Structure formats: C-alpha cells, structure tokens
Amino acid sequence: MHSSLEQMTVWGLVSEASLLVQAVMLSLVLASLVSWYLIVQRSAVLRRSEREAKAFLQRFRGSAELAQLQRECAAEADQDAGVQQLFQAGYGEYLQLQREPGIAADAVIEGVERSLLVAIAEQEERLEKGLPLLATVGSVSPYVGLFGTVWGIMNSFIGLSQVQQATLSTVAPGIAEALIATAIGLFAAIPAVIAYNRFSARVAGLGARYYSFGNELQGRLQRRLHSSASRVAVAG
C-alpha cells in the first residue's frame, strides 16, 4: 500500500512515465522557463519605454531650444529611450538637410519624415522582440502536451491488453502520468498567451505615441522653417 501511494505522487508518476512522455514534459518545462524569462524581461523594457516616453514628451514640449535638447540627448544615449531616439533621428536629419544650399523647405520636411518612419520601425522592432516566441509557446504548448497525453494513454491501454483483469489501480497510474503532460502544457501556454496579448497592446500603444510624437516634431520643424523663410523674405 505504501509503494502504491508513493507511486501516485506527481514526481513518482513523472519518473515512471515513458521516455517520450518525459521528453515532452521536459520540453514544455523549458518552454515555460523561457517564456517566463521573456515575460519578466519584456515587461521591464516596456515599462522603461513607457516611462521614458512620458518624461521626454514633457521635456520636448517645455524646451524652447531644440539644439540644446539634442545635445542633452546625445550625452545620455539611452537605447530604451524610444521617443528620444526618434527626436535625435528627426532633428539630426533636419540639421543635415539644412546645411545643403538652396534646398526647399518641403524637401527638408520630407527628409525628416522618412528618417522618422525608419526610426519608428526600428523602435517597433525593438519592442516586439521576443513576442513571436511567446505566441509560439502559447499556441503550440497545449498540443505538445496533448500529444504526450495521447501517447501515454495509448501505452496504458497496450499494457492493459497484457493483463488478465483490468482494475482501476492498474489503469489510474498510466492515465494520470499522461494527463500530467497536458497540465504542464497548459501551465506553459496560459501565462504566455496572457503576456503576449498584454504586451502586444502595450507595443501598439507605444507605436501610436511614437507616430504622434513624429507628427508633433514635424509640425514644430515646419513652423521653424516657415518662420525662417519669412524672415529671409522680409530682409530681402
């Protein structure tokens, strides 16, 4: 009786499972560990990016001199500062195009817009890093666990065909060890799916904020170009 109870513990069932079912369980545990690492790491990156976006927008709107703001940003050089990276890309392109003789204001703004779109795409790629793996773990893990379960139950019934009298005590261990694979698959999949949906929404929100900032920067530079053109026209 003691050995039967000991066998029916979770660890006893796992150790008594077939090699294929154990391999399925191990792969699911590894997938769960990887997904939890990504959940913690991506959560920290998104939290920093959201905090930086809010703080830099306040700095940008409160700064009368963009050249001074650019020098401060160059000194900080924070890779997770998405909006700051957009500002440096857009304003750096603006300064470079301004040095070209005889360039039209519209050409300058178009160049700034292209530079901002490239920078936004790079930031979105940075934020989405790891999300496809979370989606894969969330969608595939239940099926991998189900495969382990089906294989384990199949082995149990094959074993039953070799005994004279089938009882619950002979059926239960094999079915229980097979069902553990499904449980581990769900344990790996559920947090990954929740995290993927949550992170996707946060990435979309940050992307919308990046496009909004790009439009705001373009508008500010465009007003600056037009005011400069007006002063030149009055002086002429």
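These numbers come from a predicted model, not from an experiment.
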Quick one: does E52's side chain have a donor or acceptor within less than 3.5 Å of a partner on G82's backbone? yes
Once rounded to the nearest 0.5 Å, what's the spacing between atom CD1 of I39 and atom OG of S32? 8.0 Å
So, taking the atom named CG in L86 and the one named CG in L117, what distance separates them when rounded to the nearest 0.5 Å? 10.0 Å
Minimal non-hydrogen separation, S63 against L69, with atom names: OG-CB, 3.9 Å
Does L95 belong to the same Ile/Leu/Val/Met/Phe/Trp/Tyr cluster as V108, with side-chain heavy atoms less than 4.5 Å apart forming each link? yes
Between F60 and F56, how do the two ring planes meet: parallel, tilted or perpendicular, split at 30° and 60°? parallel
Hydrophobic clusters here meaning ILVMFWY residues chained together by side-chain heavy-atom distances under 4.5 Å, can you tell me if F199 and V193 are in one? no
Quick one: CG on L38 to CD on Q41, what's the gap to the nearest 0.5 Å? 6.5 Å
Assess whether atom CZ of R220 is packed by more than 12 heavy atoms of other residues, nucleotides or ligands within 6.0 Å. yes
What's the spacing between E110 CD and S115 OG if we round to 0.5 Å? 13.5 Å
Does CD in Q96 sit with more than 12 non-hydrogen atoms of other residues, nucleotides or ligands closer than 6.0 Å? no
Would you check if Q222 and V112 make a side-chain contact, meaning some heavy-atom pair closer than 4.5 Å? no
Linking I/L/V/M/F/W/Y whenever any side-chain heavy atoms sit under 4.5 Å apart, do I194 and L46 land together? no
Answer yes or no: is there a donor N or O on one side and an acceptor on the other, between the side chain of T149 and the main chain of T182, under 3.5 Å? yes
When you measure from the side chain of S43 to the backbone N and O of V40, does any donor-acceptor pair fall under 3.5 Å? no
Donor-acceptor contact below 3.5 Å, side chain R42 vs main chain E128: no
Under 4.5 Å between any side-chain heavy atoms of V137 and Y196, yes or no? no
Using the salt bridge (Lys or Arg N to Asp or Glu O under 4.0 Å) rule, take E50 and R209 through it: C-alpha gap first, then chi angles, then the decisive distance, then the call. CA-CA 9 Å; E50 289 164 346; R209 192 175 297 184; over 6 Å; no
Y210 vs F213, ring-ring contact (aromatic ring centres under 6.0 Å, His included): CA-CA, chis, key distance, verdict: CA-CA 5 Å; Y210 290 162; F213 172 77; 8.5 Å; no
Working note: L206 + L127, criterion side-chain contact (heavy atoms from CB on, under 4.5 Å); need CA distance, chi angles, decisive distance, verdict. CA-CA 9 Å; L206 278 168; L127 294 175; 3.8 Å; yes
Atom CD of residue position E125 - does it have more than 12 heavy atoms of other residues, nucleotides or ligands inside 6.0 Å? no
Which atom names give the shortest non-hydrogen contact between L134 and A192, and what distance separates them? O-CB, 3.6 Å
Out of curiosity, does M154 fall in the hydrophobic cluster containing I180 (side-chain heavy atoms, cut-off under 4.5 Å, transitive links)? yes
Is the charged tip of R59 near the ring of F87: under 6.0 Å from the six-membered ring centre and within 45° of its axis? no
Which atoms form the tightest heavy-atom contact between R202 and R47, and what is the distance? NH2-N, 3.5 Å
So does R114 pair up with E93, basic N to acidic O under 4.0 Å? no
Would L28 and F187 count as a side-chain contact (heavy atoms from CB on, under 4.5 Å) if you check the C-alpha gap in whole Å, the side-chain angles of each, and the deciding distance to 0.1 Å? CA-CA 9 Å; L28 290 171; F187 178 78; over 6 Å; no
Are any side-chain N or O atoms of T136 and backbone N or O atoms of P132, one a donor and one an acceptor, separated by less than 3.5 Å? yes
Looking at every heavy atom in both G185 and S141, which two are closest together, and how far apart are they? O-CB, 3.5 Å
List the steps and the verdict of side-chain contact (heavy atoms from CB on, under 4.5 Å) for V45 and R126. CA-CA 9 Å; V45 169; R126 177 183 67 85; 3.7 Å; yes
Given L116 and Y91, is the side-chain contact (heavy atoms from CB on, under 4.5 Å) satisfied, shown in steps? CA-CA 9 Å; L116 285 171; Y91 190 68; over 6 Å; no
Which atom pair, heavy atoms only, marks the closest approach of A189 to G138? CB-O, 3.5 Å
Please say yes or no: joined through hydrophobic side-chain contacts below 4.5 Å, possibly via intermediate residues, are L146 and I153 part of one cluster? no
Got a donor-acceptor contact below 3.5 angstrom from the S200 side chain to the N197 backbone? no
Heavy atoms only: give me the nearest P191-L186 pair and the separation to one decimal. CD-O, 4.2 Å
Please tell me if the side chains of L221 and L66 come closer than 4.5 Å, counting only heavy atoms from C-beta onward. yes
